[in-house]
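Remarks on the structure that follows.
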Amino acid sequence: MKKEQLKKGLPPRYTGKCRNLTKEEKEKLKKEGRKPVIRFKLPENEKIVWEDLVKGVLEFDSSNIGGDFVIVRSNGIPVYNFVVVIDDHLMNITHVIRGEDHISNTPKQILLYKAFNWDIPKFAHLPIILGKDKSKLSKRHGSTSVEEFRSKGYLPESLINFLALLGWYPNEKLYKEISQKKEHPEIFTKEELIELFDLKDVNPAPAIFDTTKLDFINEFFIRKLDLDTLYKHLKEFVKVREDFDIKEIGDTLVIKIKDKEFKTDKKTFYKAIDLTRNYYKTLEDVFVYLKELLTDKFEIDKKALEFIKTNPESIKVIEKFFEKVKLEQVLNKDTFKKIVKSIQKELKVKGKKLYMPIRIALTGKLQGLELDTLIEFLGKERVINRLKNFFLEGEKND
RNA sequence: GACCCCGUCGUCUAGCCCGGCCUAGGACACCGCCCUUUCACGGCGGUAACGCGGGUUCAAAUCCCGCCGGGGUCGCCA
């Protein structure tokens, strides 16, 4: 039957074959062992109209919604369209807010409300979210669950902020008042969103799910949060990650990164975070940068190695630096500057050729936080440790 | 195919209802410059859009019609 309809270019729909069976006919079919379904008898030529809170006035014709639809299956279990109406009514639902893929269900549901003589709730059909290929967002487009974003190190407030902006923008008048005071025009706290949000301002057009802006929002929140709050987020974050952990044992913190553990105290931990937070995109990055500050053992990046090989005078710079560091009582930004200047004079190198070797010797990398800040944080003893390690590593590589 | 929804920068959008203030505004991304003897941060600046065609009008992104394009729904699934 269905195939025939499709062939003729007609939409598959119930033909009304058993719409008006007599008692005798029903009995006969029952005896044959046929189990009946219960269908909703559609009114003829009735317009079903509602004002959708997002899409505006929507109108369907009863002759155009697929024929008498099933409300109870032959096994006696009722179907969704029938059940939601009863359920929502019983729960005193006033607003039905859902994806626009439900638009075509709505006329059926409205008819049921009418048949029951129940109040019809307000409907709001939100546009669906599209993947990069503009089709309905699904698993094959990558992460789609909140859990995945959590475990990637996105803060809950970042996701909320991002999602709110996907298909919604604050009402101009309301927004203008507060926008003056805002640090950033599109960063919203939960409270602001609650204050500003209105279904009326939802854009009826579907939006593509592109997380570029989410990265920005997350960076922003991570930078602005106070350290205690950030710490709380980190504690939550490690719960969903096998490779990271933060244990508090008395005053010491044991930080697990991959299969290594580092001991430190909260004060140092906070200091380290504060120095590196401008580099974070996600909470995951916290650990990446922390590792650099918490241990003096490191490997030298390929590119860093390359730099040293192509700039042989680098070794001289590092040796000189080592010598001079040993002579200093304490290492801070000032003494660092002094040392660098004297190396510059004595070896006649400057710029990248002067700073890079030192950076590589201390971190094994070509980029990172500012050298003077790093050195002040490490202190003399650890700087010496690192330099020694560098020369040991160097021997291995030779 | 039928029915329905949608169509402003690469992306998220403001403006559209109530035509002139739109030479189309903002944000992210991108590019450039400045700051920094690296990178990032920060500051400044730049590239970039009304799907197309007809009307209506002195005037259209805004109103009307058609087309095109994209998406959704067509189950005894939810």
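Numbered from 1 within each chain, the chains take letters A, B, ... in sequence-line order. No hydrogens, no waters, no symmetry mates; every other heavy atom, side chains included, goes into these values. Everything quoted here is computed from the prediction, not taken from an experiment.
Of the charged side-chain nitrogens involved, none lies within less than 4.0 Å of a carboxylate oxygen, so that D210(A) and K213(A) do not count as a salt-bridged pair. Salt-bridge annotation for K324(A) and E346(A): present, with a side-chain N of the basic residue lying under 4.0 Å from a carboxylate O of the acidic one. Between K182(A) and E192(A) a salt bridge is recorded (basic side-chain N to carboxylate O distance below 4.0 Å). Looking at K114(A) and E46(A), a side-chain N of the basic residue comes within less than 4.0 Å of a carboxylate O on the acidic one, giving a salt bridge.
A heavy-atom distance below 4.0 Å to RNA chain B is reached by these residues of residues 45-56 of chain A, ordered by number: K55(A). Looking at residues 93-103 of chain A, you'll see E100(A), D101(A), H102(A), I103(A) sit with a heavy atom under 4.0 Å from some atom of RNA chain B.
A sub-4.0 Å separation between OP1 or OP2 of rC6(B) and a side-chain N or O of K134(A) is absent. Dashed line: the shortest gap from a side-chain N or O of N203(A) to OP1 or OP2 of rA14(B) is under 4.0 Å.
Side-chain atoms of N332(A) and T335(A) form a donor-acceptor pair, as typed in the model, at a separation below 3.5 Å. With hydrogens and angles left out, the side-chain atoms of Y270(A) and D228(A) include a donor and acceptor closer than 3.5 Å.
Each of rC39(B), rA14(B), rG7(B) was ranked by its minimum atom distance to the side chain of A205(A); first place goes to rG7(B). With distances taken from any side-chain atom of I208(A) to the nucleotides rU11(B), rG71(B), rG15(B), the minimum falls on rU11(B). Distance from the side chain of A207(A) is smallest to rC12(B) among rU38(B), rG71(B), rC12(B). Ranking rC5(B), rC6(B), rU37(B) by closeness to the Y355(A) side chain, first place goes to rU37(B). In this structure, the nucleotide among rG72(B), rC39(B), rG42(B) sitting nearest to the side chain of R223(A) is rG42(B).
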Using nucleotides 27-33 of chain B, report all nitrogen or oxygen pairs with the protein that are shorter than 3.5 Å.
unit_1, atom_1, unit_2, atom_2, d
rA27(B), O4', E186(A), OE2, 3.3
rA27(B), O3', H184(A), NE2, 3.2
rA27(B), O2', E186(A), OE1, 3.1
rA27(B), N3, K213(A), NZ, 3.1

Give each protein N/O atom lying under 3.5 Å from an N/O atom of nucleotides 44-49 of chain B, with the pair distance.
none

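Under the Watson-Crick or G-U wobble criterion, with both distances below 3.5 Å, rC52(B) is paired with rG66(B). rC39(B) is unpaired under the Watson-Crick or G-U wobble criterion, no partner having all donor-acceptor distances under 3.5 Å. In this structure, rG20(B) forms a base pair with rC58(B), meeting either the Watson-Crick or the G-U wobble geometry with both donor-acceptor distances under 3.5 Å.
A cation-pi arrangement is absent between K353(A) and Y355(A) under the rule of less than 6.0 angstrom and at most 45 degrees off the ring axis. With F287(A) as the aromatic partner, K291(A) does not meet the cation-pi criteria of under 6.0 angstrom to the ring centre and within 45 degrees of the ring axis. A cation-pi arrangement is not found for K152(A) relative to Y154(A), the charged atom failing to lie both closer than 6.0 Å to the ring centre and inside a 45° cone about the ring normal.
For S74(A) and rC76(B), a side-chain-to-base donor-acceptor distance below 3.5 Å is present, hydrogens and geometry of angles not being considered. No N or O donor and acceptor, one from the side chain of E370(A) and one from the base of rU36(B), sit under 3.5 Å apart.
For the pair L366(A) CG and rU37(B) P, the computed distance is 18 Å after rounding to whole Å. Regarding I38(A), its CD1 atom lies at a distance of 14 Å from the P atom of rC76(B), rounded to whole Å.
When heavy atoms are screened at a 4.0 angstrom cut-off, V37(A) is found touching base atoms of the nucleic acid. Contacts of L369(A) with the nucleic acid, taken as non-hydrogen atoms under 4.0 Å apart, include base atoms.
Applying the salt bridge (charged side-chain N to carboxylate O under 4.0 Å, His left out) criterion to D296(A), with sequence neighbours excluded, gives R382(A), R386(A). Residues satisfying the salt bridge (charged side-chain N to carboxylate O under 4.0 Å, His left out) test with K200(A), not counting sequence neighbours, are D198(A).
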